[in-house]
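Below: the structure, in structure tokens.
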Amino acid sequence: MALLEINEVTKSFGGFNALYRVSFAVEERRIHAVIGPNGAGKTTLFNCVTGMLDNEGGTIKFEGHVLNGMKPHKRTELGIGRTFQNIRLFGSMTVLENVMLGRHCRTNAGILKSFLRPPFCELAEERATREAALELLEFMELAEKLHLRASALPYGQQRRLEIARALATKPKLLLLDEPAAGMNQNEIIDLDRHIKEVCDRGITVVLIEHHMSLVMEISDIVTVLNFGEKIAEGKPSEIRENRQVIEAYLGEEE
Amino acid sequence: MSTSMRMLSLFIAVTVVFGAYYLIANLFFRTDAYIESILIFAAINIIVSLSFYLPFSAGLLSLAQAGFMGVGAYMSASITTLWKFHFTVGPLDLTFFIALLAGGILAAIVGVLTAFPALRIRGVYLLLMTLAISEIIRVFFLNFEYTGGASGLGGIPPLTTIWNVYVALVLVVLFFVRVTKSRMGRAFESMKEDQDAAEVMGVDLTRHKVVAFAIGAFLAGISGGLYAHYALYIDSTNFGVFRSIEILIFTLLGGYEIYAGPIYGGFYLTFLPEWLRIIQDWRIIIFGGLLIVMMILRPAGLISKEMMSLRYWRSTLANLWKPRVEA
């Protein structure tokens with residue numbers, strides 16, 4: 001059984017079909033890329049999977065659970081994490097707090113428990129949260145920036161922080177929405193390595209990306225969307241040769 | 001850091017030190033009834049400002065705090081005045097404690113009822129809705145004959161003393177100190193920053209909004225109880241829209257990034273009109289002018305979040321007299 005099954009999913013905005021009967025499956029422990037021109041419905045698809053939007057037709061299944069109508073935070077609890085195309089960090093919170101927030105759904109200390117804890121003692125859960133967050137920041141190479149406001153980070157590091165925050169939710173499936181946007185070549189090489197390391201941790205990655213070199217290099221399978229419909233799916237080498245994909249998106253080689 | 005920022009920091013440092021000194025000196029060594037009454041009102045205003053700040057820190061702008069305050073005031077005053085309730089454990093008289101708690105809990109229940117319609121509303125619409133709820137509560141008490149209706153509720157026993165007000169205040173502040181840096185505090189802040197992103201990161205918006213409203217209303221109810229047992233007479237006009245706006249101003253001027261803001265604002269804005277009494281009728285104009293100047297120069301309020309660290313004060317005070325260095 002596939003980890004994520006998207007079956008005939010349709011979503012329209014005022015008569016315009018952002019997604020029309022899109023179906024594909026994401027197998028466990030793969031890096032699955034979703035590509036397509038701007039406006040093809042890639043981000044809408046992510047929004048439907050995470051519950052920020054409700055799909056109108058079709059079903060989305062995650063580990064056999066039907067997600068339709070489920071609240072976003074419940075989906076996060078099931079193990080779906082994501083990053084955003086237009087970075088959506090909590091700017092006034094520190095780098096560390098951003099990642100610690102990601103652990104929210106894996107912890108349960110309420111207000112009273114935090115208020116009534118003994119003086120000068122940290123809750124064991126809070127310490128565990130901090131340690132897990134530190135480990136992830138180490139992993140994403142942000143350990144020196146712990147106490148900076150997230151909004152004070154340079155762009156590339158904000159992107160990495162988003163990944164660290166999403167990883168803190170302990171996802172089984174990580175959706176990355178254009179993680180390489182606006183990055184320079186060196187940063188993309190780092191990102192490439194980070195995504196592979198995430199995959200090595202047993203996390204399945206779905207990736208929306210426009211940098212074809214990155215997509216072709218790391219992904220196991222590629223799905224191509226155009227005007228809300230799936231036009232192709234296959235290994236990177238097959239996609240590169242696909243006539244339809246070349247016409248719609250990749251363009252002819254000069 | 002700019003020179004004006006350094007001067008502002010110095011101003012805040014001086015006023016905080018002066019305020020703390022003034023408070024302690026009057027708490028322990030003087031019994032001037034006039035100053036004592038301002039100090040008590042200052043503490044009540046701080047508690048109710050913090051009650052506004054709590055839902056605000058989760059991105060929920062509530063102008064219903066005056067209404068919740070009224071619920072707490074009427075409930076606790078009913079217990080001590082209408083029902084003549086007494087409860088003692090050995091030498092301890094817990095009557096007032098229980099009355100306050102009951103007022104807070106009833107206010108929290110009303111707060112939860114408010115939260116449910118508020119779940120689907122954001123921004124300025126939420127503000128209007130909470131304003132309407134505040135008015136509903138006020139008009140309810142205006143017409144509720146059991147608690148005096150339009151003629152108000154008088155003869156409330158003077159149970160509020162400067163000591164129990166400040167004990168309550170210390171507990172409330174301690175609550176904020178501890179909760180801000182906790183799991184729930186982070187969740188509230190993330191909701192204020194970006195509600196949708198917070199939800200995708202696993203924050204249950206419904207639950208957290210209800211909790212924020214309930215605790216905010218609870219604190220407002222406590223402050224209402226303290227108010228009722230100091231003013232000794234309450235009527236519905238005490239808890240109208242104007243009071244809600246006053247609470248909002250305390251927080252806006254003091255700073256809404258961190259709980260220290262409403263504390264600072266609540267304290268000094270209770271004193272300011274008293275100090276401006278010398279110039280009589282003009283004081284409200286000066287007060288209003290100050291607000292306008294503040295909104296232009298420092299829209300996030302006087303106290304900002306970075307001021308909460310010792311490091312900030314060390315570097316600010318160390319560099320106070322250096323010529324302009326842009327860091």
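Within every chain, numbering begins at 1; the chains are lettered A, B, ... in the order of the sequence lines, protein sequences first and strands thereafter.
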So, the part of Leu123(A) with a heavy atom under 4.5 Å from chain B: the answer is neither
Scanning both residues in full, the closest heavy-atom pair of Asp194(B) with Phe90(A) reads O-CE2, 3.7 Å
TODO: Say whether, by atom type as modelled, one donor and one acceptor occur between the side chain of Arg183(B) and the main chain of Thr107(A) under 3.5 angstrom.
DONE: yes
- Query: Relative to each other, are the rings of His208(B) and His104(A) parallel, tilted or perpendicular (30° and 60° limits)?
  - Reply: tilted
Under 4.5 Å to a heavy atom of chain B? For Glu122(A) that would be neither
Heavy-atom nearest pair, Glu199(B) first then Thr76(A), reads O-OG1, 4.0 Å
Nearest heavy-atom contact between Val179(B) and Phe115(A) is CG2-CB, 4.2 Å
### Task
In plain terms, say whether Arg88(A) and Glu193(B) are close enough for a salt bridge, that is, a side-chain N and a carboxylate O under 4.0 Å apart.
no
Bottom line for Met93(A): the part with an atom under 4.5 Å from chain B's heavy atoms is both
Output for pair (Arg186(B) CZ, Arg103(A) CZ), nearest 0.5 Å, gives 10.5 Å
If one checks every heavy atom of Thr206(B) against chain A at 4.5 Å, the contacting part turns out to be side chain
Correct closest heavy-atom pair for Ser114(A) and Ser182(B) would be OG-CB, 3.4 Å
From the list Ile80(A), Thr169(A), Ile111(A), the residue making the most non-hydrogen contacts under 4.5 Å with chain B is Ile111(A)
The interface call for Val211(B) against chain A, heavy-atom contacts under 4.5 Å, is side chain
Taking every heavy atom of Cys105(A) against every heavy atom of Met201(B), the minimum-distance pair comes out as SG-O, 4.4 Å
The reported gap from CZ in Phe175(B) to CG in Leu112(A) (rounded to nearest 0.5 angstrom) is 7.5 Å
Pair count under 4.5 Å, heavy atoms only, with chain A: among Val177(B), Leu205(B), Asp196(B), highest is Asp196(B)
Under a 4.5 Å heavy-atom criterion, the part of residues 136-165 of chain A in contact with chain B comprises Arg149(A), Arg165(A)
Counting heavy-atom pairs under 4.5 angstrom with chain A, the leader among Gly185(B), Ala198(B), Ala187(B), Ala197(B) is Ala197(B)
Full working for side-chain contact (heavy atoms from CB on, under 4.5 Å) between Lys305(B) and Ser92(A): CA-CA 9 Å; Lys305(B) 207 176 162 193; Ser92(A) 75; 4.2 Å; yes
Under 4.5 Å to a heavy atom of chain A? For Lys192(B) that would be neither
Under 4.5 Å to a heavy atom of chain B? For Glu97(A) that would be both
Between Val203(B) and His73(A), the two heavy atoms sitting closest are O-CB, 3.6 Å
Ranked by heavy-atom pairs below 4.5 Å to chain B, first place among Thr129(A), Asn108(A), Leu116(A) goes to Asn108(A)
